[in-house]
**Q** 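First the structure, then my questions, so here it is.
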There are 2 protein chains.
Amino acid sequence: MLDKKSPLPMYYQIEEDIKQKIDSAIYSERETIPSERELSEQYEVSRMTVRQAVTNLVNEGYLYREKGKGTFVAEKKIEQPLQGMTSFTEDMKQRGMNSSSKLLDFTIIPPPADIKRKLSLEEERQVYEIHRIRYADHQPMAVERTFIPVALVPGMQEKDVYGSIYEYIEKNHDYTIHKATQMIEATIADEEQAELLDIVPAAAILHIERTSLLQDGTPFEVVKSSYRADRYKFISEIHRS
Amino acid sequence: MLDKKSPLPMYYQIEEDIKQKIDSAIYSERETIPSERELSEQYEVSRMTVRQAVTNLVNEGYLYREKGKGTFVAEKKIEQPLQGMTSFTEDMKQRGMNSSSKLLDFTIIPPPADIKRKLSLEEERQVYEIHRIRYADHQPMAVERTFIPVALVPGMQEKDVYGSIYEYIEKNHDYTIHKATQMIEATIADEEQAELLDIVPAAAILHIERTSLLQDGTPFEVVKSSYRADRYKFISEIHRS
DNA sequence: CAGTGGTCTAGACCACTAC
DNA sequence: TAGTGGTCTAGACCACTGT
């Protein structure tokens, strides 16, 4: 059943096996799966190891537990929203569109007050400001301004940001983005936006501002994006309990 | 230190103690906390119990671990976004505004095709449609249409939805909302919306559509909200790793 | 009552990091 | 080499659900 010599941990192998059994309807929706004690006999591991696997699947939404009754298979997600955070490039890929960019401006500046605050910067620190038009299937989709502290990514040049900034950074540094705070609002296109996005002035714009944090909480970037509302909807999943 | 006789589990008491030590800077940002083995001696519990507490705090973003090095305190969140999912009533309360409603329409109808699909309903099922204007500090903030399967909340009446629908449902049923899928887009106000929201036609509207699921995956409601963009921004936190 | 998940113990070996 | 988190064991008692 399980490969005890595999470098993959037992709990992970159990997770994959249970997910596969859900997919193939061996465990069906709204039905219980075997109890933790039964599973620990089947897989020949301790109950705590089974529990670790089941707990992870509960956190990911595949299963849910009811005290005294058992562990049940949750109903399948109807529509899969893009899970978590994605770059523009990844986002478009998931939507089945190809993406490209046009660099309008690449400068190093002292940060404006709101950026300085959002990036928790000291007085004399500088930031990159990268101003781009983002295309999806060769049509304008968004205009985007990205602010990144120079101290975090020293030596970045214009040629490095023609494609995905994340790709460049992942090649050259070991940063892991952990989470982000997003602010989403609706506005009306001004003349500059209208021209850059090839829409009429006064058309609707979906404005998304994101502040990304690394694992240790260091603010890494502020991205201000203005999307064409006729082409873009923002989809996400949120959890309560 | 800990109350071993408390009905609160040990790992929970440890979580609270560590959080308190972070707040009071006994454990400071970017510094390690004591190792799991040290903590298990301090609290006089097994290492697995300490691990359960620490794992929860890592998942909540208070701590992060680095293999071979230790467990570190993450930097504080700069701005606290409303965590998870909230009703309009809860949302406005967190923003320091009072909320009220005006019921425009309360009917039982066969669901339109998109609602039927999003609520996974069989052929002959009916839904409540609740159409309301939502006020914040007595000014119009949003117009909202809520669709709930009659089978899930039988017997709901007009008088039950003057305030918070969630409050009514929590009083009468034992449902727990687990997660939701949200779609956010920007539009331009049409004449009806402009009149209801007391804005000029062609003003920006932030449109949010939410499908909420219960713990077992049953779709519970679809809410279509149109917010005045001049008064409302949507703020959320998203996670990657 | 027997069975379930929730909590907890007192060990163990591993891979990784820092010195 | 010593210390860290990552994984795992083989038990235990509890509160809760159903019959």
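Since the model is a prediction, treat every value here as computed from it, not as a measurement. Quick note: numbers below take in every heavy atom, side chains included, and nothing from hydrogens, waters or symmetry partners. Every chain is numbered from 1 and lettered A, B, ... according to where its sequence line falls, protein lines coming before strand lines.
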**Q** Measure from NZ on B/Lys4 to C1' on C/dT7 and round the result to the nearest Å.
**A** 12 Å
**Q** Atom CG of A/Leu8 and atom P of D/dC8: how far apart are they, to the nearest Å?
**A** 10 Å
**Q** Between C1' on D/dG11 and CD on A/Glu41, what's the gap in Å once rounded to a whole number?
**A** 14 Å
**Q** Kindly say whether the aromatic ring centers of B/Tyr128 and B/Phe147 come within a distance under 6.0 Å.
**A**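 B/Tyr128 vs B/Phe147: aromatic centres not under 6.0 Å.
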**Q** By nearest atom, which of the nucleotides C/dT9, C/dC13, D/dG18 is closest to the A/Lys69 side chain?
**A**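 Selected nucleotide: D/dG18.
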**Q** For A/Asn56 and A/Tyr62, test the side chains for any donor-to-acceptor distance below 3.5 angstrom and give the result as yes or no.
**A**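 Checked: A/Asn56/A/Tyr62 side chains show no N/O donor-acceptor pair below 3.5 Å.
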**Q** Nearest whole Å is fine: how far is D/dT7 C1' from A/Gln13 CD?
**A**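 Distance check: A/Gln13 CD to D/dT7 C1' gives 12 Å.
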**Q** Between B/Phe220 and B/Tyr175, does the ring centroid distance fall short of 6.0 Å?
**A**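 Distance test on ring centres: under 6.0 Å, yes.
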**Q** Choosing from D/dT7, C/dT9, D/dT4, which nucleotide comes nearest the side chain of A/Pro9?
**A** D/dT7
**Q** Relative to the 5' end of DNA chain D, which residue comes earlier, A/Arg37 or A/Met10, by the nucleotide with the nearest heavy atom?
**A**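 Of the two residues, A/Met10 wins.
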**Q** Send over the distance from B/Asn56 CG to C/dT7 C1', rounded to a whole Å.
**A** 12 Å
**Q** So which nucleotide from D/dC16, C/dC13, D/dA10 ends up closest to the side chain of A/Met48?
**A**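 Nearest nucleotide to the side chain: D/dA10.
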**Q** Nearest-nucleotide wise, let me know which of A/Val50 and A/Gly68 is further upstream toward the 5' end of DNA chain D.
**A**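 Going by which nucleotide is closer to the 5' end, it is A/Val50.
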**Q** Side chain of B/Lys67, heavy atoms from C-beta onward: which of D/dT7, C/dC16, D/dT9 has the nearest atom to it?
**A**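 Of the options given, the side chain of B/Lys67 lies nearest C/dC16.
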**Q** Counting only side-chain nitrogens and oxygens, does A/Ser35 get under 4.0 Å of the OP1 or OP2 atom of C/dG3?
**A** no
**Q** Which is true for B/Thr32 with a 4.0 Å heavy-atom rule: it touches a base, it touches only sugar-phosphate, or it touches nothing?
**A**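 No contact.
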**Q** Have A/Ser46 and A/Arg51 got a donor and an acceptor in their side chains that come within less than 3.5 Å?
**A** no
**Q** Taking all heavy atoms of A/Pro154 and all of A/His173, pick out the closest pair and write down the distance.
**A** CD-NE2, 4.2 Å
**Q** Got a salt bridge between B/Asp91 and B/Arg134, using NZ or NE/NH1/NH2 to carboxylate O under 4.0 Å?
**A** no
**Q** What is the distance, to the nearest angstrom, from the CZ atom on B/Phe72 to the P atom on D/dT4?
**A**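 That distance rounds to 11 Å.
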**Q** Roughly how many Å is it from CD in A/Glu38 to C1' in C/dG3, rounded to a whole number?
**A** 10 Å
**Q** Once you apply a heavy-atom cut-off of 4.0 Å, does B/Val45 come out as touching a base, just sugar-phosphate, or nothing?
**A** sugar-phosphate
**Q** On the nucleotide D/dG6, are OP1 or OP2 found under 4.0 Å from the side-chain N or O atoms that B/Arg65 carries?
**A**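 Yes.
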**Q** Ignoring the backbone of A/Arg51, work out which of C/dT9, C/dT7, D/dT7 is nearest its side chain.
**A** C/dT7
**Q** Nearest whole Å is fine: how far is C/dG5 P from B/Gln52 CD?
**A** 16 Å
**Q** Could you check which of D/dG6, C/dG5, C/dC8 has an atom nearest any side-chain atom of B/Arg47?
**A**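 Nearest nucleotide to the side chain: D/dG6.
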**Q** Please state whether the phosphate of D/dG11, meaning OP1 or OP2, lies under 4.0 angstrom from any side-chain nitrogen or oxygen of A/Ser46.
**A**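 No, no such contact exists.
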**Q** Would you say a side-chain N or O of B/Tyr11 is under 4.0 Å from OP1 or OP2 of C/dT7?
**A**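 The answer is yes; a side-chain N or O of B/Tyr11 sits under 4.0 Å from OP1 or OP2.
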